Amino acid sequence: MQIAIVREVIDAGSITAALKAGADGAVCVFDGIVRDNTRGRRTLYLDYEAYEEMALNQMRNLAEEAIAKFGVRDIAVVHRLGRLYVGESSVLIAVASAHRGAAFEACRWLIDTLKKTVPIWKKEQFEDGAVWADGEPFPEEIVRG
Amino acid sequence: MQIAIVREVIDAGSITAALKAGADGAVCVFDGIVRDNTRGRRTLYLDYEAYEEMALNQMRNLAEEAIAKFGVRDIAVVHRLGRLYVGESSVLIAVASAHRGAAFEACRWLIDTLKKTVPIWKKEQFEDGAVWADGEPFPEEIVRG
Amino acid sequence: MRVRVLYFGVLKELFACPSEDVEVETGCNVGALRKVFHGRMPHTAWKSMAIAVNQEYAGDEVLLHEGDEVALLPPVSGGAPGNVPWKKIILPSPRTV
Amino acid sequence: MRVRVLYFGVLKELFACPSEDVEVETGCNVGALRKVFHGRMPHTAWKSMAIAVNQEYAGDEVLLHEGDEVALLPPVSGGAPGNVPWKKIILPSPRTV
């Protein structure tokens, strides 16, 4: 299980190569990349920041939960922080499994859940100003306010 | 749109790098790899063969259909033929899209449909003999016998 | 008239050749050709067979024409390992029509 | 007793600092701390805020202890671009408790 927060370019090739093993028939990869616009407004770059120790713990917990829940063999979750330009990968999730169904489902669940529960934030820089990205609302079990 | 049948190693890195564009926020990749066993019987290698011109046409048609159906921006589908050993990729499908939901759905649909409709076959070599892999049954609209 | 029949996968081994030229009557359709080949194949190989004419999947009603490329296609198994269990197909000795 | 409160994302800008030491009464729980901060934040930033104590999400009933690390977490937005439209959050000038 490779769980990491990095500040340099995410190397998808070496991450997935390290993940594969003989028992795997399928690897599903999600690569989240910086888009050039948000609703038509041109993006210059994004600044990602995290509550880093907690984010790492959460990512590790999610990966363990996904292995148990979907029966996949192994998972890599790598998130990048700092300033990212258009086309750069902010997150890479790779899931290796004997069968493809579990690989797809675990990969989708991981990115969906990561986006709601892992304490990472991004600020988007447009040509005419910057905004903090609106996150998806926390799941009910997290906010019991 | 990159649609190809190759006989050498599939280079996932260059395929996905060539696919990405500024408007994309998500790339979903499916990497099908040769597993070391089938139901516990040890696999030595697989021999893939195709009705090549028809397979290419089918792959192209599927990619076009997926772009229309799921609204994704671009797709690469590369299948390898010949002798493949454990751990090698037989097929790579990459889908680039503004949003992740469509990327996942198109990628899943492409591999599921490819496996049922694209004329490619594989023969598995075990230590004690070889068998042609049982394919999934053709969809009803294909076999109207 | 003649059509070219291509065999793939297990059928190529079953017939011990990749293709044959087959003489058919004018007006012969895919269904009629299917019947001719039915008798030459064991049941397991026949199950869920598809036929393509000139590289398009073709139903039984499709008419054949001189020079058509007709492919007999066992269930395909490209891509990654499937979830379907693999099964041994017993090959009989090749026969001629 | 004292707890260390960490601010992230828009809150770090709102309070113009990444963290503060806050004096709270013994027996203070997350809910009570939440109320203290409620008054300091505009509604848009407050909406759907989560609180973590020592790096675990904590509900209102969780008791605070001397030296706890308490993090105020705006809705997270890691990963790839979301499907949720982005929205400008207006930052008021920082105030003190």
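Residue numbers start from 1 in every chain, and the chains themselves are labelled A, B, ... in the order their sequence lines are given, proteins ahead of strands. Values in this document were obtained by computation on a predicted structure and should not be read as measured data.
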Counting only heavy atoms not in C:Glu66, do more than 12 fall under 6.0 Å of its CD?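 Yes, because the 6.0 Å sphere around CD of C:Glu66 holds more than 12 heavy atoms from other groups.
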
Taking atom CZ of C:Arg4 as the centre, report whether more than 12 heavy atoms of other residues, nucleotides or ligands fall under 6.0 Å from it. yes

Expected output: side-chain [X] to main-chain [Y] donor-acceptor under 3.5 Å:
X: C:Tyr57; Y: B:Thr117; answer: yes
X: B:Tyr48; Y: C:Ser77; answer: no
X: B:Glu136; Y: C:Pro75; answer: no

Quick one: CD on C:Glu56 to CD1 on B:Ile142, what's the gap to the nearest 0.5 Å?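 With rounding to 0.5 Å, CD (C:Glu56) is 10.5 Å from CD1 (B:Ile142).
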
Please find the pair of heavy atoms, one from C:Gln55 and one from B:Glu53, that lie closest to each other, and give the distance.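 Closest heavy-atom pair between C:Gln55 and B:Glu53: OE1-CB, 3.3 Å.
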
What is the minimum heavy-atom distance between B:Ile111 and C:Gly79, and which atoms define it? CD1-CA, 4.3 Å

Which of these passes side-chain contact (heavy atoms from CB on, under 4.5 Å) with B:Tyr51: C:Leu72, C:Leu73, C:Val76?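 Going through C:Leu72, C:Leu73, C:Val76 one by one, the side-chain contact (heavy atoms from CB on, under 4.5 Å) with B:Tyr51 is satisfied by C:Leu73 alone.
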
Does any heavy atom of chain C fall under 4.5 Å from the side chain of B:Ala50, the backbone, both, or neither of them?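 The answer is the backbone of B:Ala50.
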
Name the orientation class of the two ring planes belonging to B:Trp121 and C:Phe8 (parallel below 30°, tilted from 30 to 60°, perpendicular beyond 60°).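 Plane angle under 30°, so parallel.
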
